Protein chains: 2
Amino acid sequence: MKPNELILLIEDDDAIGKLLSISLHEYGYKTRLAKDITSAKREFITQNPALLILDLGLPDGDGKTLIQTIRKESKIPIIVLSARNDEKEIIASLDCGADDYVTKPFSTKELLARIRSTLRRTQQKTVHDTLTCKDITIDFIKKEVLLDNVLLRLTPTEYNLLAFLMQNANKVLPHQHILKTVWGLGYQHQMQYLRTYINALRKKIEKNSTRPEYITTESSIGYRFSCLSHKEEEQ
Amino acid sequence: MKPNELILLIEDDDAIGKLLSISLHEYGYKTRLAKDITSAKREFITQNPALLILDLGLPDGDGKTLIQTIRKESKIPIIVLSARNDEKEIIASLDCGADDYVTKPFSTKELLARIRSTLRRTQQKTVHDTLTCKDITIDFIKKEVLLDNVLLRLTPTEYNLLAFLMQNANKVLPHQHILKTVWGLGYQHQMQYLRTYINALRKKIEKNSTRPEYITTESSIGYRFSCLSHKEEEQ
DNA sequence: ATAATACATCAAAAAAATATCAAAATTATT
DNA sequence: AATAATTTTGATATTTTTTTGATGTATTAT
């Protein structure tokens, strides 16, 4: 697995800039290089990097002011890389909003580990797992169902049943199969449970409960959740 | 403003332990000290600390295994504090899940700055210092809650619970998730605590406690803080 | 068409989950 | 050390959900 994130290097020393670019590419990161604060700001806005590596001593100003500027509008991880091995500088940078401070000369491998650590923390994305079918959307994380964008009140069993049906849309699901997965192993022959809950669900999701468009009956076999075009969305 | 967070120190050297405790107290943190992995685990589960400071060399095992154990169930910030100034140790620790690595001898002020930096990042759930929902406004800096512009008297646990609910407005929060974050890892199954405190909060914030408009129950799942005019921040 | 079978519907009883209250235990404050 | 505040615990009331049973309607086979 290659990381593939874009890292913006802000460094005026060509030798270090080159070394970093090569090391980061080797590990799979994409990089952009900015040699002063002005171009760093431009790159930050236009390139949308995942992380900044910032040298404090830049030709057109102090790196700390850049940190402050960026922190006003972004929580992007910033690692300071500086020759200034001075306690006050370290503290000031961290309190400005930097996420880490590495002093030169530095170990490339350690820097890479610190990049991984910093990115790991900030990239904890919320996985949104939803399924939509016509007017019904089920959110498996929030455990909620929307009908025409209105929240449906379902009991736990109703929710479990609908979730199972929607996950197997357009398939005929035999009674016993539904009972086994929704209620559990001992309930395969409790047909009446299934009828009661199918009825309850239809009342809640069908426009016309007597002419169901979602949950159709496959007599003496089971039920089918009909959905012509259901797309899966996960980000 | 005093920080007031609890920091768990895991350190077998008494001198360093004492020094750290004093420095951290001076700055306003509460601390607990654990001298081995076994008691560290116990303290972690029962005390619900905001951050761990961990020495790698402990009498009953290597600190890295503790990091791995904790990372299986928690994203709590961990700062490693070690005499081992060895590139491999640093990389291994960070890749295990540590958030920072400081080598001994260390500057207390720098360590404090790194604690602030780490906490800032992990506590940054709310971008704003205050959050308003209908007639309720919570101020995370002052740790105050206003209902119709009148200051509410809340106990610490009531405040923590409400803060967590409001930070996650309109989402269904499972019982265990609430218990884990508000009370700590060892309290996931103390449902009665949750019921008692939800009840206490409703009495204080709901106009009609029997028909709650803010804190609604999601039977057999959890609770939801409902707030119509609250922007969803998820992509 | 008629009987037999399968399914739908409704409502009640039973069980489970939640709400509420208050006392006991703990912790913090004076 | 005494007092006050908060948390924990337990007992009981209330609500919600599941289970059960009774009855009506549709479908299928003869």
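Below, each value reflects all heavy atoms present in this structure, side chains not excepted, and no hydrogens, waters or symmetry copies. Fair warning: this is a prediction, and the values are worked out from it, not measured in the lab. Each chain gets a letter, A, B and so on, in the order the sequences are listed, and its residues count up from 1.
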Check your understanding: How close or far is atom P of D/dT18 from atom CG of A/L201, stated in whole angstroms?
Key -> 11 Å

Review point. For residues A/T157 and A/N160, is any side-chain donor paired with an opposing acceptor at under 3.5 Å?
Key: no

Exercise for review: In whole angstrom, give the distance that lies between atom OH of B/Y159 and atom P of D/dT6.
Suggested key: 15 Å

Check your understanding: CD of B/E206 versus P of C/dT20: gap in Å, rounded?
Key -> 10 Å

Practice item. Would you mind building the protein contact string for nucleotides 3-12 of chain C? One character per nucleotide, 5' to 3', B for base within reach (heavy atoms under 4.0 Å), S for sugar-phosphate only, - for untouched. Key: ---SBBBB--

Review point. To the nearest Å, how far apart are B/Q47 CD and C/dT26 P?
Key: 15 Å

Practice item. Between B/P156 and B/R211, just flag the one whose closest nucleotide in DNA chain D comes earlier from the 5' side. Key: B/P156

Review point. Starting at CH2 of B/W183 and ending at C1' of D/dT9, how long is that distance when rounded to a whole Å?
Key: 14 Å

Revision key, fill the gap. Nearest-nucleotide check on DNA chain D, B/L154 vs B/Q190; residue mapping nearer the 5' end is B/L154

Exercise for review: Answer yes or no: is there a donor N or O on one side and an acceptor on the other, between the side chain of A/R224 and the main chain of A/K171, under 3.5 Å?
Suggested key: no

**Study point:** Under 4.0 angstrom between B/Y193 side-chain N/O and D/dT7 OP1 or OP2
**Key:** no

Practice item. Indicate whether the side chain of B/Q192 and that of B/R195 have a donor and an acceptor atom separated by less than 3.5 Å. Key: yes

Review point. So, does B/R71 use its side chain to make a donor-acceptor pair with the main chain of B/C96 at under 3.5 Å?
Key: no

Check your understanding: B/K35 pairs by side-chain hydrogen bond (donor to acceptor under 3.5 Å, both in side chains) with which of B/D14, B/D55, B/D12?
Key -> B/D14

Check your understanding: Distance only, no hydrogens: is a donor on one side chain within 3.5 Å (strictly under) of an acceptor on the other, for B/D60 and B/T38?
Key -> yes

Check your understanding: How close or far is atom P of D/dT20 from atom CG of A/L194, stated in whole angstroms?
Key -> 15 Å

Exercise for review: Ignoring backbone atoms, test whether A/T155 places a side-chain nitrogen or oxygen under 4.0 Å from the OP1 or OP2 oxygen of D/dT18.
Suggested key: yes

